[in-house]
Asks: 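Handing you a structure now.
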Amino acid sequence: MTVKHRIIGTNRPRTDAVLKVTGRAKYLQDLDFPGLLDCALLQSPYAHARIVRIDTTRAEQVPGVRGVLTHKEAPQTPIRAHSSPHHTYRVLAEEVYYVGEQVAAVVAETKEAALDAVALIDVEYEELPAIFDPEESMKPGARLMYPDRPDNLAPSNFPIETKRNDVDQGFEQADVVLSSRYTVGVQAHDCMETHGTVCRWEGDQLTVWTSTKFIWTVVDKVCELLKLPEAKVKVVTATVGGDFGGKAGAIEAMQAVICAIFAKRTGRPVRLCFTREEELALTHHSVGPLSYHIKGGVQREDGRPTAVDLVLYSNQGAHNISGLEAPYLGSGAVGVYKFDSCRFTGFPAYCNLNMSGSRRGYGDPEGFWGSEQFMDEMAEAVGMDPLEWRVKWAIRQGDPTVTRLVWGEFAGGDYQQLLTRGAELFGWKNKWRGWRQPTAVDGPRRRGVGLALGQHLTGVNSEHAAVRVNVDGSIEIFSHAGEVGQGLRTAMPMCVAEVLGVEPDVIRIAEPNTSVVPRGFGIYASRGTPVVIGAAIKAARDAAGQLLERAAKMLERPAAELELGGGGVYVKSEPSKRLSLQQLASAFGRIGVYGFGFEEVPHKNPQTGQPLWEKSNGALFVEVEVDVEIGTVKLVNAVSTADAGVVIHPELARAQIDCGVLWGLGYALYEDEIYDTTNQGRVMNVQMVDYKIPTFLDLAESQTEVISDARHAPTPPMNVKGLGENSMVPVAPAIANAVYNAIGVRIKDMPITSAKVLKALGAV
Amino acid sequence: MNDRPARLDPDLSADGRTAVAGLPTAVAVAPRLLTLTVNGTVVKLRCGNDVQPWDTPAYDVYPWHTLAHTLRETLRLTGTKVACNSGACGSCTVLKDGKPIMSCSTLTVSCDGAVITTVEGLVDPVTGELHPLQQAFIDHHAAQCGFCIPGMLMSATALLERTPDPTAEDIKQGMCGNLCRCANYQLILKSVLEGAKAMRERQA
């Protein structure tokens, strides 16, 4: 089944390209507000402490200071994570739970004056005992973080344990039983644009400008904390300078409440933009540090995987800022292969470290780091090639798989096709020399190859969109869709144009402004393409139906004989008989045409009633070069295959994958927030010069093939799906597997630094 | 962002407040006029620190102002971006007398007499036509979130001035101080190669 598209599948300039290359795109810090005041935050120097006394006298005397805010005047309602029943995160609290947590805020005429004043706030802290290790936090008798959480567990809306069939029986049926422990580091989003917010009151109406992809979450939390009706609060985003899971609403809401209080007091617009140091110490990061224990059983004859049992301990950080944590990890690690039985147990533990949360891939890069290495361990144990084992045992369409620990049917790309095609492009047959056999040795430099599979859910929850055909024939889309760089606001008009038979350049998307656009859940879980664009496609179809109905009346022909195209509606058998969109939209009282769309996932299999877990998935083959004298690992070559359902914009799709590979590379080799647990668990690398991210020099030779097959995204309108997150999932384990084959030692502790390589080789 | 320069002596403040214990002080500088040429326009900026920035009339430039601050806040040329504010990421790159510099780590007072080019100065001032590099950045989708792009464009402009026909390796080495968190390096690289080609063709 191949549908021919006119616009979908073409490469056209991004709608934001001209603004972004001329410097005219307005990010939050670029907005001009006459009379703007700036804020700075005092951050906790302790991992856990109660504020006994706080004196702001000296700070208030600093020239230019216009106000100080402490927990005494700040609202004490906790800010809710978007999907968790336990809330501890406050705008400003009497008790602080990690180094970097906000203690007080100052507003001043300049940022410098505010920073000076912050340093002059006198605080007496009562230091309290702290806990840094999630496994320690779970031990009986461990100190409690919160009195109402007797187990130290950050609760989730989903069960913390799931299983399928009997694992004990599975292990009995295995010829080989293996177990391994893996640990995972912490990746910061480190967006080029830090979090920033501006608030301004006009009478009793509050406007919040903020850099977020969750405008409605910010509305909800600001209304709840400031006890305002939704109709009095408007949230608007400017251009967003990167997100990757970092701008998920809760931090922005904290900034907005502080700014709104100061703006009310001073009658002036107030801004709070984080410094790089605040960005890295205060805001959340990927889930971790974490550790997990995997036990697996496998049969010798054909490598049949009989059982897997995974126990995970993750650092939740001090607050449950974006929900779910461990349950996400479970799905990735146990849901990709046809295990006869499996069990997953997760312990998301509160610790006195900065917060864990959503980051590109949310849980899957963490989980696959260990599980995809462990699959290699199992294949090696039964003497099978890792490619051959995966082709044989990877799940297929309709097989059971799990998302958020809820079992359903797998709906996604064909792993056998992804693997076979990737192996062909990579030349796996020629490069693979067997386990622990380098593909090439040149002095101290050894090359090795490895592969891994990846997957991530694509789409959750529901979404509204509206499409208006204006009386001049131009079109406007109303969606809360935030452009964070991924190209959503380029892809969306392409899809709507496809449905309405127009060119994308006659379409405009309304700015993300909550007083204008419909409510939505935000851009996360790779849902932008399938759900948000999905709703817009449905809205366009609704509008298309109305246009055809109007045309049917005006042309006196049944709608079935008509078609949309060329900016109007025409009679299929007689194309010269046509009406333009302008004629149609301005007929019947000149009020245009409104279409509405609603999309909700997961869809259900109509036959079985089971949830259809639509996955974005792929395979990655890598070749690395390890220098055994100095311990460095370099990515030499990478081949990605990814399944995209129907590809809207091939070049932007490919970029999502190539860039995901670089994200995974940083995660595998050097990105890590380093905690000094001997000194309050403070993050030591809070500047860009210390927290390293990939650069031009990390670019490897690479090849990417996006497989476009509508059957692999079977249900959403137009069979589209998200790509941005899955791309980084297989990278770190594929690199680790290649390092293993290059040097003969498996590194299970992320990231793979030179020091760890040399230690593993016994060189230090 | 986090400008933390030496502060004004509070005794000098116009609002008559007395010194605050613990606040560092700075010596008053003699007021003077700075002359910069920014994107072809001569701008005269009054510099001093004997009145506060929020007083009227305030100075355009205070001794602790970085060039990035002056460009963005005083001249409202917000195309130049500040991401790390510590000279580690290249987002704030502008040209000073044709050479790429990090404007977040350059004091405005050190730019008296300098010729500054920012991303706003790449467009042809008469026709409004885009610079060939800008066009290549559009054609090859160099921007994702776009925050690093002005700095990338300025670094690339300087690189092509030195090396009009660069190899991929020249570009990687020449621009490795410009970070892109979207990691869109492959398409930026392609854009610079194609932009260079267009510029050579235009000169030929």
Asks: Can you confirm whether A:Asp16 sits close enough to A:Thr239 that some side-chain heavy atom of one is under 4.5 Å from a side-chain heavy atom of the other?
Replies: no
Asks: Does a side-chain N-to-carboxylate-O contact under 4.0 Å join B:Arg181 and A:Asp190?
Replies: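 No, B:Arg181 and A:Asp190 are not salt-bridged.
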Asks: What distance do A:Ile121 atom CD1 and A:Glu60 atom CD have between them, rounded to the nearest 0.5 Å?
Replies: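 If we round to the nearest 0.5 Å, A:Ile121:CD1 and A:Glu60:CD are 9.0 Å apart.
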Asks: Sort out for me which of B:Ala88, B:Gly79, B:Ala143 touches chain A most, counting heavy-atom pairs under 4.5 Å.
Replies: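 Heavy-atom pair counts peak at B:Ala143.
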Asks: I'd like to know which of A:Leu652, A:Leu697, A:Thr695 tops the heavy-atom pair count under 4.5 Å against chain B.
Replies: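 Winner by heavy-atom pair count: A:Thr695.
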Asks: Is A:Val689 in contact with chain B via its backbone, its side chain, both, or neither, using a 4.5 Å heavy-atom distance?
Replies: both
Asks: Taking A:Ala17, A:Gly241, A:Ala40, A:Cys659 one by one, which has the highest count of heavy-atom pairs under 4.5 Å against chain B?
Replies: A:Cys659
Asks: Between B:Gln135 and chain A, with a heavy-atom cut-off of 4.5 Å, which part of the residue counts as in contact: side chain, backbone, both or neither?
Replies: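 It is neither, since no heavy atom gets under 4.5 Å.
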Asks: Below 4.0 angstrom, N of the basic side chain to O of the carboxylate: do B:Arg202 and B:Glu129 qualify?
Replies: yes
Asks: If I measure from the heavy atoms of chain B, does A:Leu120 come under 4.5 Å with its side chain, its backbone, both, or neither?
Replies: side chain
Asks: Return the set of residues passing side chain to side chain donor-acceptor pair (under 3.5 Å) with B:Gln134 (not counting sequence neighbours), or none when no residue passes.
Replies: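 None.
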Asks: At a 4.5 Å cut-off on heavy atoms, which part of A:Val18 comes close to chain B: side chain, backbone, both, or neither?
Replies: both
Asks: Ion pair present between B:Arg72 and A:Asp30, side-chain N to carboxylate O less than 4.0 angstrom?
Replies: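 A salt bridge links B:Arg72 with A:Asp30.
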Asks: Report, by ascending residue number, the residues of residues 119-126 of chain B in heavy-atom contact with chain A at a distance under 4.5 Å; give 'none' if the set is empty.
Replies: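 Residues of residues 119-126 of chain B touching chain A at under 4.5 Å: B:Val119, B:Glu120, B:Val123.
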Asks: Answer yes or no: is there a donor N or O on one side and an acceptor on the other, between the side chain of B:Thr80 and the main chain of B:Cys92, under 3.5 Å?
Replies: no
Asks: Relative to chain B, which segment of A:Ala655 carries a heavy atom at a distance below 4.5 Å: side chain, backbone, both, or neither?
Replies: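 When you check distances to chain B, atoms from both the backbone and side chain of A:Ala655 fall under 4.5 Å.
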Asks: How would you list, by chain and number, every residue that makes a side-chain contact (heavy atoms from CB on, under 4.5 Å) with A:Ala108, sequence neighbours excluded?
Replies: A:Val65, A:Ala113, A:Ala114
Asks: Go through A:Ile693, A:Leu19, A:Asp658, A:Leu662 and name the one with the most non-hydrogen pairs under 4.5 angstrom from chain B.
Replies: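 So the answer, after comparing A:Ile693, A:Leu19, A:Asp658, A:Leu662, is A:Ile693.
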Asks: Taking the six-membered ring of A:Trp663 as reference, does the cationic atom of A:Arg359 (NZ for Lys, CZ for Arg) lie under 6.0 Å from its centre and within 45° of its axis?
Replies: no
Asks: Identify the residue among A:Gln187, A:Glu671, A:Arg276 that makes a side chain to side chain donor-acceptor pair (under 3.5 Å) with A:Tyr691.
Replies: A:Glu671
Asks: Using a heavy-atom distance cut-off of less than 4.5 Å, which residues of residues 184-194 of chain B contact chain A?
Replies: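 Checking residues 184-194 of chain B against chain A gives B:Asn184, B:Tyr185, B:Gln186, B:Leu187, B:Ile188, B:Leu189.
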Asks: Heavy-atom distances under 4.5 Å only: say whether A:Leu37 touches chain B with side chain, backbone, both or neither.
Replies: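 For A:Leu37, neither part sits under 4.5 Å from chain B.
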